[in-house]
Amino acid sequence: MSNRRSSRQSGGGVSRISDDQIIELVSKLGQLLPEIRNSRSDKVSASKVLQETCNYVRSLHKEVDDLSDRLSQVLATIDADSAEAAIIRSLLK
């Protein structure tokens, strides 16, 4: 097996990325994930990093949905011309 992988680049060209670059990118991705960053293990497999990335993105998506629902509930209970509504509108900009 070759130690190079190819990927499509915009414009139809092909760029090459080495296994070392993939390892570095997976490592950087792992550093962004709380589950991996807080683990005691120094070495985590790429498949574990990718699985945890998917889990983390799903949890962030759920959190956004939950916060959106809560915001909708708050907005439904306050006067649109109130100071509270003005503050919320300013935060959403």
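- At a threshold of 4.5 Å between non-hydrogen side-chain atoms, the residues Leu50 and Leu29 count as touching.
- For Gln51, the side chain to side chain contact (heavy atoms under 4.5 Å, CB included) test picks out Asn55, Arg58, with sequence neighbours left out.
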Show me the side-chain donor-acceptor pairs of residues 63-72 shorter than 3.5 Å, one per line, residues at least two apart or across chains.
| from | atom 1 | to | atom 2 | distance (Å) |
| --- | --- | --- | --- | --- |
| Asp65 | OD2 | His61 | ND1 | 3.4 |
| Asp66 | OD2 | Lys62 | NZ | 2.9 |
| Ser72 | OG | Ser68 | O | 3.1 |

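- Listed here is the closest heavy atom pair of Thr53 and Leu33: OG1-CD1, 3.2 Å.
- Rounding to the nearest 0.5 angstrom, the gap separating the OG atom in Ser27 from the CD1 atom in Ile22 is 13.5 Å.
- By the 4.5 Å heavy-atom criterion applied to side chains, Ile88 and Ile78 are counted as neighbours.
- Checking side-chain atoms of Gln31 against main-chain N and O of Lys28 turns up no donor-acceptor pair under 3.5 Å.
- Minimum interatomic distance between Asp79 and Ala85 (heavy atoms only, all atoms of both residues): O-CB, 3.4 Å.
- In terms of hydrophobic clustering, with Ile, Leu, Val, Met, Phe, Trp and Tyr side chains grouped at heavy-atom distances under 4.5 Å, Val26 and Val57 are assigned to different clusters.
- For Arg37, the side-chain hydrogen bond (donor to acceptor under 3.5 Å, both in side chains) test picks out no residue, with sequence neighbours left out.
- Clustering ILVMFWY residues whenever any of their side-chain heavy atoms sit less than 4.5 angstrom apart, transitively, puts Val44 in the very cluster that holds Leu25.
- The line from CD of Glu84 to CG of Leu75 is 11.0 Å long, rounded to the nearest 0.5 Å.
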